[in-house]
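To start, the structure itself, in structure tokens.
These numbers come from a predicted model, not from an experiment. Position 1 is the first residue of the sequence; numbering continues from there.
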Amino acid sequence: MLVIGIALLVGLRVTETQRPVVTHCRGAGCHKIRHIIFLIKENHTFDNLFGRFPGADGTRTALEDNRRVPMAITPNQLHDDLYHVRNAPFVVMNGGKMNRFYSVPFAFQNGRDVADSEFERQEIPNYWTYASDFTLADHFFSTIIGSSFPNHLVTVTGQNLNTVEDPNHLPAKLWAWGCDGSPVDYVKWQSNGRSGLEHPCFNAQTLADEANAARVSWRYYAAPIGNIGYIWSTLDTIRHIRYSSQWRRNVLPDNQFASDVSRGRLAAITWLTPSWTVSDHPPTNMCRGENWTVQAINAVMRSRFWSSTVIVLTWDDYGGFYDHVRPPRISAYSLGPRVPAIIISPYSRTHFVDHRQYDFRSVLTFIEHQFSLPHLAAFNRNVASLGQTLNYNQTPRPPVLLPTRTCPQAGTPPPPGY
């Protein structure tokens, strides 16, 4: 099955046989921004984190079929992961009615509807500070109606490579979803009315390939092999990167990011994904995940790179949590429910909620334009660039260094249900 460059679920309008386009950066921001960090956490909707945020398109109530109920308060750590794989996203969205989140397995835990719940500010104070002091996008959608794997593919390729679910895998086999997975691992694909199974080790062109072609530096920080979070080391799905010197040189452990920055090493383009215990993925400890994020962002703000950096902090999929906004329909599998996105930079608008429509491709188009990358990756770029959230004429914002918190004690979370 040919996976790349022909018919993609997000609306492909270019193919790899076409001559690459280069969108040259012009304007004041071209010399002011020299580093973009794509920081991707796990499994929360906009309403779940910021449904109570002033000025944002949030809600304090949820629809359960035709009944409106108050949103419960999300605990710091759930007992189980919320079910959000296979057909669950379509069940909860219910044709755009957004009223069946309560109906899937593990929506109720300890007698409470945690699917239809949201955090209060005091539970995630540092995430709220970033949202308040910088720019919060409240119509930023996950690109794919699904869970982690297809959406993480979008963050490096701009497309889901026709995949519609997470791969099956053998947990004893290194917690890998890509080329390092077992030979019998497979992922479901669907295209043009056909579907099938394929080993998730592809050869699509990525933003990393575009950076190589333009001689722009890049690094991908992720949990190392053997850690549960290795499933989110998405370049493991790209054969020509996994089996090349780039893998050893540019794909690095997530716990190396802060030390690299402090030593004066920050690539022009950086992906940063967490290990399992600090991923924000239920049922991990949300406070610990927030602390990890703060430590990473503080490292940048303390460095010489802050003055020329944009950090895009987002979450990869809805994770089973309620969101009231019906996603725009692009195709059968796109767009997915809203996820939070915070744009953190000296040039971010202060106390600003951006209501424009974005998705993960908006980050890629911003990166492509900022670094004048050739369009080698085959995806539909007819999206708003996240670069328009920035104001290059304002006085640059100073760092906002935040303290980590003492977290409530909790047990070791079980492996994810994805």
key: Any side-chain heavy-atom pair of Glu165 and Phe149 under 4.5 Å   = no

Distance in Å, Asp323 CG paired with Thr59 OG1, rounded so as to fall on 0.5 Å steps = 9.5 Å

key: Qualifying salt bridge (Lys or Arg N to Asp or Glu O under 4.0 Å) pairs, either residue in residues 48-62, two or more places apart   = Arg52-Glu118, Arg52-Glu120

ask   = ring pair (Phe, Tyr, Trp, His ring centres under 6.0 Å) with Tyr220: which residues, sequence neighbours excluded?
value = Trp271

request  = Spell out, as yes or no, whether a donor-acceptor pair under 3.5 Å connects the side chain of Thr143 to the backbone of Val154.
outcome  = no

ask   = What residues form a salt bridge (Lys or Arg N to Asp or Glu O under 4.0 Å) with Asp47, not counting sequence neighbours?
value = Arg338

key: Residues Tyr358 and Gln388: side-chain donor-acceptor under 3.5 angstrom   = yes

remark   = Contacts of Arg405 meeting salt bridge (Lys or Arg N to Asp or Glu O under 4.0 Å) (sequence neighbours excluded), chain-then-number -> Glu290

request  = Write out all pairs satisfying salt bridge (Lys or Arg N to Asp or Glu O under 4.0 Å) with one or both partners inside residues 89-115, taking only residues at least two apart or from two chains.
outcome  = Asp65-Arg100

inquiry  = As a quick check of understanding, evaluate ring-ring contact (aromatic ring centres under 6.0 Å, His included) for Phe360 and Phe140, giving each step before the final call.
reply    = CA-CA 8 Å; Phe360 296 132; Phe140 188 108; 5.6 Å; yes

key: Enclosure of Arg242 CZ (heavy-atom neighbours >12, cutoff 6.0 Å)   = yes

key: Criterion side-chain contact (heavy atoms from CB on, under 4.5 Å) on His324 and Leu63, from CA distance to verdict   = CA-CA 8 Å; His324 78 282; Leu63 271 178; over 6 Å; no

task = Would you please name every residue forming a side-chain hydrogen bond (donor to acceptor under 3.5 Å, both in side chains) with His35, sequence neighbours left out?
result = Ser308

ask   = Does a side chain donor of either Asp280 or Trp292 reach within less than 3.5 Å of an acceptor in the other side chain?
value = no

key: All side-chain hydrogen bond (donor to acceptor under 3.5 Å, both in side chains) counterparts of Arg248, not counting sequence neighbours   = none

message = Show every salt bridge (Lys or Arg N to Asp or Glu O under 4.0 Å) that has at least one partner inside residues 203-227, sequence neighbours left out.
response = Glu210-Arg381

inquiry  = Less than 3.5 Å apart, any donor N or O on the side chain of Lys41 or Thr293 sitting next to an acceptor on the other?
reply    = yes

inquiry  = Side chains of His152 and Glu42 only: does a donor on one sit below 3.5 Å from an acceptor on the other?
reply    = yes

query = Do Ser117 and Thr74 get their side chains close enough for a donor-acceptor pair, meaning under 3.5 Å?
reply = yes

message = I'd like to know whether Tyr392 forms a ring-ring contact (aromatic ring centres under 6.0 Å, His included) with Tyr347, so could you lay out the CA-CA distance, the side-chain angles of the two residues, the decisive distance to 0.1 Å, and finally the verdict.
response = CA-CA 6 Å; Tyr392 297 111; Tyr347 300 100; 5.6 Å; yes

remark   = Closest heavy-atom pair, His199 versus Asp185, reported as atoms and distance to 0.1 Å, is ND1-O, 3.2 Å

request  = For Asn94, check side-chain hydrogen bond (donor to acceptor under 3.5 Å, both in side chains) against everything at least two apart and list the hits.
outcome  = Asn99

note = Taken in chain and number order and not counting sequence neighbours, the residues that satisfy ring pair (Phe, Tyr, Trp, His ring centres under 6.0 Å) with Tyr127 are Trp315

query = Do the side-chain N and O atoms of Asn212 and Gln246 include a donor-acceptor pair separated by under 3.5 angstrom?
reply = yes

query = Regarding Ser147 and Asp317, is there a side-chain donor-to-acceptor distance under 3.5 Å anywhere?
reply = no

query = With respect to Tyr83, which candidate in Val85, Asp80, Asp81 satisfies the side chain to side chain contact (heavy atoms under 4.5 Å, CB included) definition?
reply = Val85

ask   = Among all residues two or more places apart in sequence or in another chain, which pass the side-chain hydrogen bond (donor to acceptor under 3.5 Å, both in side chains) test with Gln357?
value = none

query = Going by the salt bridge (Lys or Arg N to Asp or Glu O under 4.0 Å) test, which pairs reach into residues 135-146, not counting sequence neighbours?
reply = none

